[in-house]
Amino acid sequence: DAGITQSPRHKVTETGTPVTLRCHQTENHRYMYWYRQDPGHGLRLIHYSYGVKDTDKGEVSDGYSVSRSKTEDFLLTLESATSSQTSVYFCAIRTGTYEQYFGPGTRLTVT
Amino acid sequence: KQEVTQIPAALSVPEGENLVLNCSFTDSAIYNLQWFRQDPGKGLTSLLLIQSSQREQTSGRLNASLDKSSGRSTLYIAASQPGDSATYLCAAGPSGGYQKVTFGTGTKLQVIP
């Protein structure tokens, strides 16, 4: 599993509140990714990071921001949660041979 | 823009049958093709990774092939078991300088005892 953990694993929050999801890896991989998975849409890339303080947008980045102050941690923040952000969020790392490994996911419900 | 398609969306087979799952992609200039398994409510588990220079990879009862020229990959499962029931996703690796991996929407497999 490439030593990837996500926290929290489940969260219920109210519309308009900020939410931060954490991804932690233990193997010092340079590339880290945040995806969301929704029925009918599959996995969609939100943001990714290619090093400490180096991040870029994915295809569904509106309403999300990320930060990476340490190699091992990649944070995803919903600035003001909306019901459309109810989803399952997955963190992933990429190895040197371009193989991706995923964390266990965070199920987020915005009421 | 890369597009990845997996057909069928769902498949039901009797236990013991050999089966093939299909994955097609539109941009053949990919770096690799990766197959995943996802159980309900769980994360994605990597099954096989095929680099662009390879034509196939094998792991146990699984064999994945890659034909870049036709934009297709297949995942062959031999002697299917009920424990193989899951959703299988393929992901086309980055092409050119773009780091994005494009996922298919998956094939949901049910193996009936």
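Letters go in sequence order (proteins before strands), and every chain restarts at 1.
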Any chain of hydrophobic side-chain contacts (each under 4.5 Å) joining [X] to [Y]?
{"X": "B:Leu11", "Y": "B:Trp35", "answer": "yes"}
{"X": "B:Leu47", "Y": "B:Val13", "answer": "yes"}
{"X": "A:Val66", "Y": "A:Val60", "answer": "yes"}

For [X], does the [atom1] atom have more than 12 heavy-atom neighbours from other residues, nucleotides or ligands under 6.0 Å away?
{"X": "B:Arg72", "atom1": "CZ", "result": "no"}
{"X": "B:Lys108", "atom1": "NZ", "result": "no"}
{"X": "A:Arg107", "atom1": "CZ", "result": "no"}

Considering only heavy atoms and a distance below 4.5 Å, find which of B:Leu89, B:Thr45, B:Thr105, B:Leu49 pairs most often with chain A.
B:Leu49

At a heavy-atom separation under 4.5 Å, does B:Gln38 approach chain A through its side chain, its backbone, both, or neither?
side chain

Between [atom1] of [X] and [atom2] of [Y], what distance do you get to the nearest 0.5 Å?
{"X": "A:Glu99", "Y": "B:Gln34", "atom1": "CD", "atom2": "CD", "answer": "4.5 Å"}
{"X": "A:Tyr101", "Y": "B:Leu44", "atom1": "OH", "atom2": "CG", "answer": "13.0 Å"}
{"X": "A:Leu43", "Y": "B:Thr102", "atom1": "CG", "atom2": "OG1", "answer": "11.0 Å"}

Would you call the rings of B:Tyr31 and A:Tyr98 parallel, tilted or perpendicular, taking 30° and 60° as the class edges?
tilted

Side chain to side chain contact (heavy atoms under 4.5 Å, CB included) for A:Gln37 and B:Phe103? Distances and angles first, verdict last.
CA-CA 11 Å; A:Gln37 186 176 39; B:Phe103 286 82; over 6 Å; no

Using non-hydrogen atoms only, which part of A:Tyr50 is less than 4.5 Å away from chain B: side chain, backbone, both, or neither?
neither

